[in-house]
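In this chain, numbering begins with 1 at the start of the sequence shown. Just follow the structure's listing: the first ligand is 1, and inside any ligand the first atom is 1. Hydrogens, waters and symmetry mates are skipped; everything else that's a heavy atom, side chains included, is used.
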Amino acid sequence: MKTTTTSFSNPDCLIIGAGIFGLWAARHAIKRGESVQVVEKAHVGNGASGGFLGSLMPHEPVRWNEKKQMQFEALDCLSNCIAKLEEDTGFDCGYRRCGRIMPLRHEKMDFHVKERLEGMKTLWQGRYSLAKYNQIGEDIIHDGKLVGLPKGWVNTEIAAYGVTYDNFSARVNPRSYLEALAAYVRAHAEINEGVEVSAIDAKNCKANLADGTSISAGRIIVANGYQAYDLLSQIDARYKTQTILGQGVKGQAVLVEYNHNDTLPIVYDDGVYIVPHAGNRVAIGSTSNKIWSGEKEFDENDMSFYQRGITAVPALKDAPIIEKWAGVRPRNVIPEPLTGKVLSASISGRLDDYETIYAAIGGFKIGMGIAHMDNLQP
Ligand SMILES: Cc1cc2nc3c(=O)[nH]c(=O)nc-3n(C[C@H](O)[C@H](O)[C@H](O)COP(=O)(O)OP(=O)(O)OC[C@H]3O[C@@H](n4cnc5c(N)ncnc54)[C@H](O)[C@@H]3O)c2cc1C
């Protein structure tokens with residue numbers, strides 16, 4: 001087998017995949033002083049990270065567990081991590097702690113809201129707030145400022161029992177965020193696009209490439225999204241049936257043009273996220289399909305999420321759709337020890353039994369808000 005000739009022919013750290021997890025892994029490794037090479041089969045943002053929804057929503061502060069605590073810590077430090085990245089690169093990632101409104105459609109929500117209001121006091125450590133408003137017309141306060149809602153930003157009919165508002169939820173522009181990370185990595189290391197890894201030789205810490213060449217490295221971080229399951233199960237058949245197992249779940253979203261002054265909160269209703277972005281853009285999404293074909297093909301027959309979106313936010317009814325996007329996100333299958341319920345947490349760390357092979361695989365619908373956590377120290 002030939003050996004590939006890139007400027008780092010034997011990097012300390014080889015990263016497979018230039019999505020949000022791979023690029024954060026690269027930034028951390030660079031900062032630790034490792035020589036880094038990222039190989040990406042297509043281009044930066046080719047996978048699930050390259051969309052436009054970018055909602056960063058905390059788990060509800062009830063039935064707390066390790067995963068929720070980890071996400072709390074991640075979202076809590078994200079604004080600082082992004083500010084540092086922006087300072088390093090001069091890029092704007094489109095981050096804003098915009099808050100979130102959830103309409104209360106049913107009377108029975110009252111019990112859950114009380115639980116959340118109670119849980120928030122301790123679990124959010126007094127750093128963020130969640131409040132219930134009986135009517136949309138009431139003044140919603142975010143960090144001491146009044147949140148001005150244009151007519152139709154929340155459908156009063158579906159908010160029959162009021163709304164909750166939290167000031168913890170945020171949004172980021174996924175593409176700008178990736179661009180900033182890629183700029184940082186390119187300035188200090190190498191991203192090789194159009195380079196596909198076909199197999200990992202774990203014993204020799206080597207990535208075999210689709211073109212027949214290979215790259216040896218001090219360690220390898222597998223961060224190629226849902227396709228990591230295949231790559232890892234080739235290393236060790238146990239991963240097919242034990243701890244590392246997952247599935248690609250396809251999702252879609254649309255981006256609309258709507259004039260706003262970028263002070264609006266996210267609306268979350270009926271499983272749909274309505275996320276305001278800078279530049280008069282609002283993203284609406286997303287779906288979750290376990291059975292799918294065509295990784296990036298947008299299915300026009302699967303638009304009910306959009307209808308639900310404009311029902312929740314009627315102001316968007318006539319907003320022109322300017323982009324439709326589909327992607328496949330990794331959903332790791334990690335059964336909760338007590339209940340057996342599947343958790344969609346991220347997988348991040350060194351593989352048991354393999355000294356030099358690490359995995360960093362996204363956390364289903366919350367990947368954008370946790371990818372910056374550094375769990376991959378050599
Ligand atoms: C429609 C949709 C909406 C979403 N909305 C949100 C949201 O609002 N908030 C949120 O937090 N999360 C959201 N997510 C989830 C989030 O996007 C993912 O959790 C995250 O992007 C996963 O990142 P990743 O780096 O693990 O994978 P990816 O972004 O998929 O990156 C993997 C990369 O590896 C490359 N690759 C694959 N195989 C190989 C190989 N063999 N060799 C080299 N390179 C390879 C791919 O081309 C790709 O670029 C959404 C996902 C979808 C699909």
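- By the 6.0 Å contact criterion, CD on E157 is open, its count of non-hydrogen atoms from other residues, nucleotides or ligands being 12 or less.
- Which parts of ligand 1 touch Q227 is read off a 4.0 Å heavy-atom cut-off, strictly below it: atoms 37 (C), 38 (N).
- Counting heavy atoms of neighbouring residues, nucleotides and ligands inside a 6.0 Å radius, atom NZ of K317 does not exceed 12 of them.
- With hydrogens and angles left out, the side-chain atoms of Y258 and W153 include no donor and acceptor closer than 3.5 Å.
- Heavy-atom proximity to S55, at under 4.0 Å, picks out these atoms of ligand 1: 7 (C), 8 (O), 9 (N), 10 (C), 11 (O).
- At a 4.0 Å cut-off, at least one heavy atom of F364 sits close enough to ligand 1 to count as contact.
- Only the backbone of I366 comes within contact range of ligand 1, with a heavy atom under 4.0 Å; no side-chain atom does.
- Scanning for ring pair (Phe, Tyr, Trp, His ring centres under 6.0 Å) contacts around Y268 gives Y273, with sequence neighbours left out.
- Looking at ligand 1, you'll find an N or O of K365 within less than 3.5 Å of one of its N or O atoms.
- Judged purely by atom type and a 3.5 angstrom limit, S49 has no side-chain atom pairing as donor or acceptor with the backbone of G19.
- Among protein heavy atoms, the minimum distance from atom 38 (N) of ligand 1 is reached at N224 ND2, 3.2 Å.
- In summary, the atoms of ligand 1 found under 4.0 Å from a heavy atom of G19, numbered by their order in the structure, are 25 (O), 29 (O), 31 (O).
- Heavy-atom distances between G285 and ligand 1 stay at or above 4.0 Å for every pair.
- Using a distance-only test at 3.5 Å, with no hydrogens or angles considered, no donor-acceptor pair links the side chain of H59 to the main chain of Q69.
- Heavy atoms of V195 approach ligand 1 to within less than 4.0 angstrom.
- Between Y229 and N332, the side chains place a donor N or O and an acceptor N or O closer than 3.5 Å (distance only, hydrogens not considered).
- Residue contacts with ligand 1: V249 is placed with no nitrogen or oxygen under 3.5 Å of a nitrogen or oxygen of the ligand (distance criterion only).
- Checked against a 3.5 angstrom limit, the closest N/O atoms of V197 and ligand 1 fall inside it.
- Residues satisfying the ring pair (Phe, Tyr, Trp, His ring centres under 6.0 Å) test with Y354, not counting sequence neighbours, are none.
- Contact annotation: for A223 versus ligand 1, heavy atoms closer than 4.0 Å belong to the backbone alone.
- Contact between W325 and ligand 1 is present, with at least one heavy atom of the residue lying under 4.0 Å from the ligand.
- Taking the ring centroids of Y184 and F91, they lie at or beyond the 6.0 Å cut-off.
- At least one N or O atom of I20, backbone or side chain, sits closer than 3.5 Å to an N or O atom of ligand 1.
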